[in-house]
Amino acid sequence: MTPAELSQAVLSAVRAVVEAGELTVAVPEQVTVERPKNKDHGDYATNVALQLAKPAGRPPRQVAELLSARLQEFPGVAKVEIAGPGFLNITLDAASQGALARTVVEAGEAYGRNEALRGLRINLEFVSANPTGPIHIGGVRWAAVGDSLGRILRATGAEVTTEYYINDAGVQISKFGASLQAAANGRPVPEDGYVGAYIVDIAKQIVDGHPGVLDLPEAEQLEVFRSAGLTLMVDEIKRSMEEFGVHFDVWFSEKSLHDSGAVGQAIERLREQGHVFDRDGAIWLRTTDFGDDKDRVLVKADGDTTYFASDAAYYLSKRDRGNAVNVYMLGADHHGYVGRLKAIAACAGDDPELNIEVLIGQFVKMIRAGEEVRMSKRAGNIITIDDVVDWIGVDAARYSLARSSTDSTLTLDIDVLTSTSNENHVYYVQYAHSRMCSVARNAAQLGIDKGAAEDFRPELLDSPWENALLGKLGEFPQVVASAAELREPHRVARYLEQLAGEYHRFYDNCRILPRGDEEATDLTRARLWLADATRTVIVNGLGLLGVSAPERM
RNA sequence: GCGCUCGUAGCUCAACGGAUAGAGCAUUUGACUACGGAUCAAAAGGUUGCAGGUUCGAAUCCUGCCGAGCGCACCA
């Protein structure tokens, strides 16, 4: 029996009690059942009696009594106990619990997927770092988290578009081009320009690819360096992302918004909505109507449009392309944008609470040799995505960045992640998978097969370790669903660590394959079903994180 | 000054208002003549920054302090 099925059983018990007139209360939409932390509290627990007590005007334990009587009658339910203030602690019989292994194996890669967000079109924009240099560590965090979130939302039925916004229109790109030009000519980098080995490299590539460029007039030279540099840098970022296992469906050019006239049209559309006004020779959007702390300029007095105007046009583009939910993943240094982004949606006549979601990622600190590795573009010692991958590999990098909530600042110790293995939690999970593959190889060599589904004897999986592992397997769909709903991929990683732990303990206490000249038994086969089910969930879960599940390590 | 985010074991981090706040690392002690020891078992480690409040129940929600990070442009 899966937790979802048990939840339905509890719900029907509530319904039965109400229909019998034993309780006067509105039947809830759904009830939660969860694995209690304490094993003495049964296989599953529900707090539904506590929640119904107040509306029903009855003591919680009395409500629990009524529900308990009904629940006892359900097939597969072995025992129901009332505990504490009114929790219902439910114990399943071993066969009912063990059947989960077959459910999981038969569902295969579909296990954990659901349709909760079917039909919802979600746009995920993340990283979007200026193409004036390599992706640094803050962007890498979003690459790992954002890509994983995309996978999780897709597994929940949503239609997801992942998107990278290229800031290719502003003065930063001009400075970038000027820096390249200076480097190519052996001149000092202009004031607040870009420095670093990568600038020299790119400048050289441009000179090699454009013979005679240095003979052109200054202005023409600059244009070559600007546009060729942009192309090279964006290609470089794309390559880094793909190597990191992160694919963007759309690379959206800010410049294209200007070239197509979309920025001007956006301003007109906002004006029609009545939130645009002129003051001091500039054109403004009255974002204070919707909670922003000050109004924002769309067109400056000198006629240039602002970055904010591009933001507005970009948001409208996302909406025009059919995205109902638009998720922005920003670094903590951009949290001040939340108000104005939401105000854009409101000014456009949308619902800012529904159509825009902003996730803020706190900073990532990296430590090596006990000291923080400071990133500074000026000093040229930035930590880039390629550095991180070189040091610890894609799997460890993605996993370490995705296993924590983006709400918390993260400190990664390079020495720990490179040298020891035990603080690389990803290995703990991957090792569990490798062990299962090893068992499967050994079984094949011995000519042992888990057998047909109808011969599977789930009731044999009755030890505490098997019970714990089965219970954990049952939680997976709910973990995926809440990770999607809360936009928190780290829940999947934490779950996998718990699952791997249950597997390791099961492996230690429950011999799967026969030893020596023993014969394979029904128990052997039942445990192979369980191991296969676990492997399925680990593969599916790691897949949601974009992390590999190696068969050997 | 105003605003946003965050204060949890020595360290790095978990915990959708639920029962005795959990993992890993580090420390101490055990387990391979058995499927991979990158494992397992056990000990020790906490006034969840502080003080109030809300309720059957608070690390979680509210208020006020304290501390940390980051923002408050006709910059991008």
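Lettering follows sequence order; numbering is per chain, from 1. In this text, all values refer to a predicted model and were calculated from it rather than measured experimentally.
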Legend entry - Assigned partner base of B:C25, Watson-Crick or wobble definition, under 3.5 Å: B:G10
Inset, instruction - With the side chain of A:F87 defined as its heavy atoms from C-beta on, choose the nearest nucleotide among B:G71, B:U39, B:G18. - result: B:G18
Inset, instruction - Kindly check if the number of other-residue, nucleotide or ligand heavy atoms within 6.0 Å of CD (A:E519) is above 12? - result: no
Inset, instruction - Using the C1' atom as the reference point in each nucleotide, state the distance between B:C56 and B:C50 in Å, no decimals. - result: 27 Å
Inset, instruction - Select base, sugar-phosphate, or nothing to describe what A:E254 touches, counting heavy atoms under 4.0 Å on all strands. - result: nothing
Inset, instruction - Search all heavy atoms of A:T406 against all heavy atoms of A:R141 and return the closest pair with its distance. - result: CA-NH2, 3.6 Å
Legend entry - Any side-chain donor near an acceptor of the partner, A:Y314 and A:E163, under 3.5 Å: yes
Inset, instruction - Give A:E518 one of three labels, base, sugar-phosphate or nothing, depending on what nucleic acid heavy atoms sit under 4.0 Å from its own. - result: nothing
Legend entry - Nucleotide nearest A:H335 (side chain, heavy atoms from C-beta), chosen from B:C35, B:C75, B:C4: B:C4
Inset, instruction - Tell whether A:N38 reaches the base of B:U20 with its side chain through a donor-acceptor pair below 3.5 angstrom. - result: yes
Inset, instruction - Determine which nucleotide pairs with B:C61, using a 3.5 Å limit on both distances of a Watson-Crick or G-U wobble pair. - result: B:G53
Legend entry - Euclidean distance for P, B:A21 against B:A59 (whole angstrom): 9 Å
Legend entry - Nearest listed nucleotide, side chain of A:A45, among B:G18, B:C72, B:A19: B:A19
Legend entry - Short side-chain N/O contact from A:H490 to OP1 or OP2 of B:A15, under 4.0 Å: yes
Inset, instruction - Could you tell me whether the phosphate oxygens of B:A21, OP1 or OP2, come under 4.0 Å of any side-chain nitrogen or oxygen in A:K37? - result: no
Legend entry - Pair A:Y164 + A:F252: ring centers closer than 6.0 Å: no
Inset, instruction - Pick base, sugar-phosphate or nothing for A:A83, based on heavy-atom distances below 4.0 Å to the nucleic acid. - result: base
Inset, instruction - Respond yes when some side-chain nitrogen or oxygen of A:S434 is under 4.0 Å from OP1 or OP2 of B:A38, and no when none is. - result: no
Inset, instruction - Give one of base, sugar-phosphate or nothing for A:H41, where a contact means two heavy atoms less than 4.0 Å apart. - result: base
Inset, instruction - Quick one: label A:E497 by what it contacts on the DNA or RNA (base, sugar-phosphate, nothing), any heavy atom closer than 4.0 Å. - result: nothing
Inset, instruction - Could you check whether the rings of A:F290 and A:H275 sit parallel, tilted or perpendicular, using 30° and 60° as the cut-offs? - result: perpendicular
Legend entry - C1' atoms of B:A26 and B:G45, separation to the nearest Å: 11 Å
Inset, instruction - Report the nucleotide, chosen from B:G36, B:C74, B:A14, that has the shortest atom-to-atom distance to any side-chain atom of A:R552. - result: B:G36
Inset, instruction - Return the nucleotide paired to B:U39: Watson-Crick means purine N1 to pyrimidine N3 with N6-O4 or O6-N4, wobble means G-U with N1-O2 and O6-N3, both under 3.5 Å. - result: B:A31
Inset, instruction - With P as the reference atom in both, quote the distance from B:G71 to B:U8 in angstrom, rounded to an integer. - result: 22 Å
Legend entry - Side-chain H-bond candidate by donor/acceptor type, A:Q172 with A:Y194, under 3.5 Å: yes
Inset, instruction - Can you check whether any acceptor in the base of B:G71 is under 3.5 Å from a donor in the side chain of A:H334, or vice versa? - result: no
Legend entry - P spacing across the pair B:G22 / B:U48, given as an integer number of angstrom: 13 Å
Legend entry - Same-atom distance (P) from B:A58 to B:C65, integer angstrom: 24 Å
Inset, instruction - Report yes if a side-chain nitrogen or oxygen of A:R505 is closer than 4.0 Å to either non-bridging phosphate oxygen (OP1 or OP2) of B:A41; otherwise report no. - result: yes
Legend entry - Comparing A:G170 and A:T411 on RNA chain B - which has the more 5′ nearest nucleotide: A:T411
Inset, instruction - For A:Y507 and B:C35, say yes or no: do the ring centres fall under 5.5 Å of each other while the ring planes differ by less than 30°? - result: yes
Legend entry - Spacing of the P atoms in B:U60 and B:G53 (rounded, Å): 14 Å
Legend entry - Phosphate OP1/OP2 of B:A15 contacted by A:R491 side-chain N/O (<4.0 Å): yes
Legend entry - A:R279 vs B:C74: side-chain N/O to OP1/OP2 distance below 4.0 Å: no
Legend entry - Identity of whatever pairs with B:G45 - Watson-Crick or G-U, under 3.5 angstrom: none
Inset, instruction - Tell me what A:C437 touches on the nucleic acid: a base, only sugar-phosphate, or nothing, going by heavy atoms under 4.0 Å. - result: nothing
Inset, instruction - Determine the contact category for A:D280: base if any of its heavy atoms lies under 4.0 Å from a base atom, sugar-phosphate if only primed atoms, P, OP1 or OP2 are that close, otherwise nothing. - result: base
Inset, instruction - Pick base, sugar-phosphate or nothing for A:I512, based on heavy-atom distances below 4.0 Å to the nucleic acid. - result: base
Legend entry - A:E466 versus A:S463, side-chain donor and acceptor atoms under 3.5 Å: yes
Inset, instruction - Find the partner of B:C16: check Watson-Crick (N1-N3 plus N6-O4 or O6-N4) and G-U wobble (N1-O2, O6-N3) distances, both under 3.5 Å, and reply none if neither fits. - result: none
Legend entry - Ring-ring centroid check A:H334 A:Y328, cutoff 6.0 Å: no
Legend entry - Proximity to the side chain of A:L513 - top-ranked nucleotide from B:C16, B:A19, B:C35: B:C35
Legend entry - Donor-acceptor pair under 3.5 Å, A:N47 side chain vs B:G18 base: yes
Legend entry - Which nucleotide in B:U5, B:C56, B:A38 has an atom nearest any side-chain atom of A:Y427: B:A38
Legend entry - Closest-nucleotide ordering on RNA chain B, the 5'-leading residue of A:G336 and A:A282: A:G336
Inset, instruction - Please determine, for the side chain of A:L486, which listed nucleotide (B:U55, B:C16, B:C74) has the closest atom? - result: B:C16
Legend entry - Face-to-face contact A:H425 to B:G24 six-ring, under 5.5 Å, under 30°: no
Inset, instruction - Measure distances between side-chain N and O atoms of A:N89 and base N and O atoms of B:A19, and say whether any donor-acceptor pair falls under 3.5 Å. - result: yes
Legend entry - Shortest side-chain distance from A:R435, nucleotide among B:G18, B:U39, B:C35: B:U39
Inset, instruction - Indicate, with a heavy-atom threshold strictly under 4.0 Å, whether A:R296 touches base, sugar-phosphate, or nothing. - result: nothing
Legend entry - Exercise: do A:Y399 and A:E497 side chains pair donor with acceptor under 3.5 Å: yes
Inset, instruction - With heavy atoms under 4.0 Å as the rule, sort A:L446 into base, sugar-phosphate or nothing. - result: nothing
Inset, instruction - Check whether the aromatic ring of A:F363 stacks on the base of B:G69, taking stacking as ring centres less than 5.5 Å apart and planes within 30° of each other. - result: no
Legend entry - G-U wobble or Watson-Crick pairing nucleotide for B:G1 (cut-off 3.5 Å, both distances): B:C72
